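So you know, we letter chains A, B, ... as the sequences are listed, proteins then strands, and number each from 1. Keep in mind that what you see is a predicted model, and the values were worked out from it rather than measured.
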Amino acid sequence: MKINPNTLDAYNLLHEGTLAFADAEQVGFRVDVEYVERKKKFLTKKILHLEDKFKDSKLYKHWEHSTTNKINIHSHEQLSHFLYKVKKIKIEKRTATEKGSTDNDALSQMNIPELDILIRAQKLKKVRDTYLEAFAKEQVNGVIHPFFNLHLPRSFRSSSNSPNFQNVPIRDEESKLLTRKALFPRKDHQFLELDYSGLEVRIAACYHKDPNMLKYIRDGYDFHADMTKEIFMINDFDKSIPEHKVLRDATKNGFVFPEFYGSYYKNCAIGLACEWGKLGQGKWREGEGISMPEGTLADHFINNNITSLKKFENHLREIEKSFWEDRFSHYARWKERWWNLYKKKGYVDLFTGFRCSGVMGKNDVINYPIQGAAFHCLLWSFIQLNKIFKEGKWKSRLIGQIHDSILIDLHPSELKRAIKLIKRVTCVDLKEAWSWINVPLDVDIELSPIDGSWADKEKYYLAN
DNA sequence: GGAACTCGCCAC
DNA sequence: AAACGTGGCGAGTTCC
């Protein structure tokens, strides 16, 4: 399969985008090298301690006696053999090659306390070896220059490497602090991050024009909350209750987005129940799962007569049915039309002048045009802002981008002007340049204190 | 000693 | 009929 610029505008977008990214790469951002070294040592100590603790356990002794080979406790292959062949634990989750999985969820489900030590050690190793180590390795005179690529992703999004700027932890608080506290703007500057809210959902709506979806977007209504109420059977949903917020995140990332990307109720049910809800695969027992305002998730489900994964699956099947047949029927019909169009012509075109052709599956045909065009909106904004900053001799600079957000190394004196400019370029100028955008666009803005780290960014509320 | 593969995990 | 889209990267392992 291939995706090519099919118009001069499309070509120019990539050309100018590449040049704008080169500007950002040149600036880069500062790494607190001393902090990185300190935290690496700190983590090494912690990891060693956890490893010792694990090796003192009964489980490890058993493992030792079961083999004559030298054991590496971080080898998933060896661990898999021990758990599934020696201890004969029933395989609940399999890898892509059908072998017994040893990922976090699989290990958690076994309810073996020693494995929690291993999970914890693996998490700290990830932070140390993937992020802190990369920052230390890639920095030159205390500055890293992550690359941004436009020629690699099939969907015509972007990628980043050396180091990868686009996957620094943010959801897990501990990992977030350990990594992002190492990254700073230039001296006396601060980070400003702008984020298109719901960009892909909005760009999808430009293709399918589903009236219900357009209404949700135009009214700024929280439809993830609606879905949360349905899936978890909560009538008094309140986003400010932490437990409810967790369920909303689960709904958004474990049902709504997967459904948009082409997943279906069975996979969503497993993900929601096991990975998000921390429930088992079979019948649920009281006291199981993440906590709710009253009791646990299993308690809540059992009260509502959903007593097992199987029953939850049926529940989700009904929700999926109404999701596509009632709530977003126009969206569903567009998917079919779009797929048929591809089968007839052998290609589909993006709004932005790119063409996808060659062998694609149904999900690809539906996803690439949406993801690609959504990213092109970000790219267009990136190019314009970069141009204005440079030509206007601003002290601020664009330094990075993560698909629907842009990171700016801001000089504090330019804050007000910058925000005004950002709002205009991203939400007004873009729509004027590309008339196919028939939905309102909106950006959220986050700001870190002057000389604050990337971990210190906070939502910025415009004073009226 | 390096390429290629698998698995796992981080982001959107 | 099929069944979550896009990446980068580290560790372990096997093959050449």
Side-chain angles (χ1 to χ4, degrees), chain A residues 1 3 69-81 93-107 118-119 121-134 137-138 146-172 175-176 178-180 195-201 204 252-272 275 317 320 335-336 339 343 356 360-372 374-375 378 400-406:
Chain A
M1 150 310 161
I3 171 165
N69 298 331
K70 189 162 165 32
I71 295 177
N72 177 347
I73 60 172
H74 298 299
S75 160
H76 290 284
E77 196 170 279
Q78 291 180 33
L79 183 61
S80 176
H81 182 267
K93 187 173 179 183
R94 291 177 184 277
T95 69
T97 53
E98 294 295 308
K99 284 178 273 192
S101 169
T102 54
D103 71 9
N104 192 328
D105 294 309
L107 298 185
L118 216 48
I119 291 169
Q122 282 165 0
K123 177 184 155 183
L124 299 183
K125 266 169 73 73
K126 173 84 180 169
V127 169
R128 185 191 61 181
D129 300 337
T130 303
Y131 299 104
L132 297 183
E133 187 60 47
K137 197 174 78 187
E138 296 292 343
F147 291 97
F148 295 97
N149 314 298
L150 288 174
H151 61 301
L152 296 174
R154 289 188 283 184
S155 61
F156 258 102
R157 273 192 180 181
S158 65
S159 71
S160 167
N161 66 290
S162 304
N164 183 347
F165 169 79
Q166 297 178 323
N167 72 345
V168 182
I170 189 163
R171 291 180 198 172
D172 180 272
S175 304
K176 168 188 160 180
L178 283 165
T179 52
R180 295 191 175 219
D195 198 306
Y196 271 108
S197 41
L199 184 62
E200 280 189 6
V201 169
K252 181 178 160 188
N253 296 308
F255 180 77
V256 176
F257 285 155
E259 286 283 344
F260 286 160
Y261 287 144
S263 187
Y264 78 125
Y265 71 93
K266 274 194 186 187
N267 284 344
C268 294
I270 292 175
L272 281 176
E275 288 169 39
R317 191 181 62 219
E320 179 185 80
K335 284 187 175 191
E336 293 310 314
W339 174 230
K343 284 193 289 192
C356 308
M360 289 182 278
K362 185 174 175 182
N363 287 344
D364 302 330
V365 168
I366 288 156
N367 285 321
Y368 293 156
I370 295 171
Q371 292 187 345
F375 173 70
L378 192 282
Q401 151 278 133
I402 315 179
H403 310 307
D404 62 0
S405 70
I406 292 173

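- Among the heavy atoms of the strands, none lies under 4.0 Å from A/Ile366.
- For A/Ile170 and B/dC10, the CD1 to C1' distance is 12 Å, given to the nearest whole Å.
- Nucleic acid contact for A/Ile370: none, since no nucleic acid atom lies under 4.0 Å from a heavy atom of the residue.
- The backbone N or O of A/Pro169 lies less than 3.5 Å from a partner atom in the side chain of A/Arg180, making a donor-acceptor pair.
- Between A/Leu118 atom CG and C/dA11 atom C1' the separation is 13 Å, expressed in whole Å.
- Using a 4.0 Å heavy-atom criterion, one finds that A/Ser405 contacts no nucleic acid atom at all.
- The side chain of A/Thr102 contributes an N or O atom lying less than 4.0 Å from OP1 or OP2 of B/dG8.
- Among the nucleotides B/dT6, C/dT6, B/dC9, the one closest to the side chain of A/Asp103 is B/dC9.
- Taking side-chain N and O atoms only, A/Asn267 has a distance below 4.0 Å to OP1 or OP2 of C/dC4.
- Between A/Asn164 and C/dC9, a side-chain N or O to OP1/OP2 separation shorter than 4.0 Å is absent.
- A straight line from CD1 of A/Ile71 to P of C/dT13 spans 12 Å, rounded to a whole angstrom.
- The backbone N or O of A/Ser80 sits nowhere less than 3.5 Å from a side-chain atom of A/Thr102 that would complete a donor-acceptor pair.
- Residue A/Pro169 is classed as a sugar-phosphate contact, given heavy-atom separations below 4.0 Å to backbone atoms only.
- For A/Tyr261, the OH atom sits in a packed shell: over 12 heavy atoms of surrounding residues, nucleotides or ligands are nearer than 6.0 Å.
- Taking only side-chain nitrogens and oxygens, A/Ser263 never comes nearer than 4.0 Å to OP1 or OP2 of C/dG5.
- Distance from the side chain of A/Leu152 is smallest for C/dG8 among the nucleotides C/dA3, C/dG8, B/dC12.
- The shortest distance between the side-chain N/O atoms of A/Gln166 and the OP1/OP2 oxygens of C/dC9 is not below 4.0 Å.
- At a threshold of 4.0 angstrom between heavy atoms, the contacts of A/Ser160 are confined to the sugar-phosphate backbone, with no base atom among them.
- As rounded to whole Å, 18 Å separates atom C1' of C/dG10 from atom NZ of A/Lys123.
- Judged by distance alone, with hydrogens and angles left aside, the side-chain atoms of A/Ser160 form a donor-acceptor pair with the main-chain N or O of A/Phe147 at under 3.5 Å.
- The interatomic distance linking A/Lys266 (NZ) with C/dC4 (P) rounds to 13 Å, in whole Å.
- Here A/Glu259 lies out of heavy-atom contact (under 4.0 Å) with every strand.
- Counting non-hydrogen atoms under 4.0 angstrom, A/Ser158 reaches nothing in the nucleic acid.
- Proximity of a side-chain donor or acceptor of A/Asn267 to a complementary backbone N or O of A/Tyr264 within less than 3.5 Å is not detected.
- With contacts defined as side-chain heavy-atom distances shorter than 4.5 Å, the pair A/Glu200/A/Phe260 does not qualify.
- Of all nucleotides listed (C/dG12, C/dA3, C/dG7), C/dG12 comes nearest to the side chain of A/Asn72.
- Look at NE2 on A/His81: it is 15 Å from C1' on C/dT13, rounded to the nearest Å.
- Remark: C1' of B/dA11 and OH of A/Tyr261 are 11 Å apart, rounded to the nearest angstrom.
- Judged by distance alone, with hydrogens and angles left aside, the side-chain atoms of A/Glu320 form a donor-acceptor pair with the main-chain N or O of A/Tyr265 at under 3.5 Å.
- Distance from the side chain of A/Ala96 is smallest for B/dC7 among the nucleotides C/dG7, B/dC7, C/dA3.
- The phosphate of C/dG8 (OP1 or OP2) has no side-chain N or O of A/Thr130 nearer than 4.0 angstrom.
- Residue A/Glu77 is in sugar-phosphate contact alone, with no base atom involved, counting any heavy-atom pair closer than 4.0 Å across all strands shown.
- At the phosphate of C/dA3, neither OP1 nor OP2 sits under 4.0 Å from any side-chain N or O atom of A/Tyr265.
- For the 3.5 Å distance criterion, the side chains of A/Ser175 and A/Asp172 qualify, holding a donor opposite an acceptor.
- The residue A/Asn367 sits close only to the backbone: its heavy atoms come under 4.0 Å of sugar-phosphate atoms, none of a base.
- The side chain of A/Tyr131 approaches B/dC10 more closely than any other nucleotide in the set B/dC9, B/dC10, B/dC7.
- Across all strands shown, A/Ser175 has no heavy atoms under 4.0 Å from either base or sugar-phosphate atoms.
- Using a 4.0 Å heavy-atom criterion, one finds that A/Lys99 contacts the sugar-phosphate atoms exclusively.
- Counting atom types as modelled, A/Lys126 pairs no side-chain N or O with a base atom of B/dC10 as donor and acceptor under 3.5 Å.
- For the pair A/Arg171 and B/dC9, the criterion of a side-chain N or O lying under 4.0 Å from OP1 or OP2 is not met.
- Of the candidates C/dG5, C/dA3, B/dA11, C/dA3 carries the atom nearest the A/Tyr264 side chain, counting heavy atoms from C-beta on.
- Under 4.0 angstrom from either OP1 or OP2 of C/dG5 there lies no side-chain N or O belonging to A/Ser155.
- When the C1' atom of C/dT13 is taken as reference, atom CD1 of A/Ile73 falls 18 Å away, rounded to whole Å.
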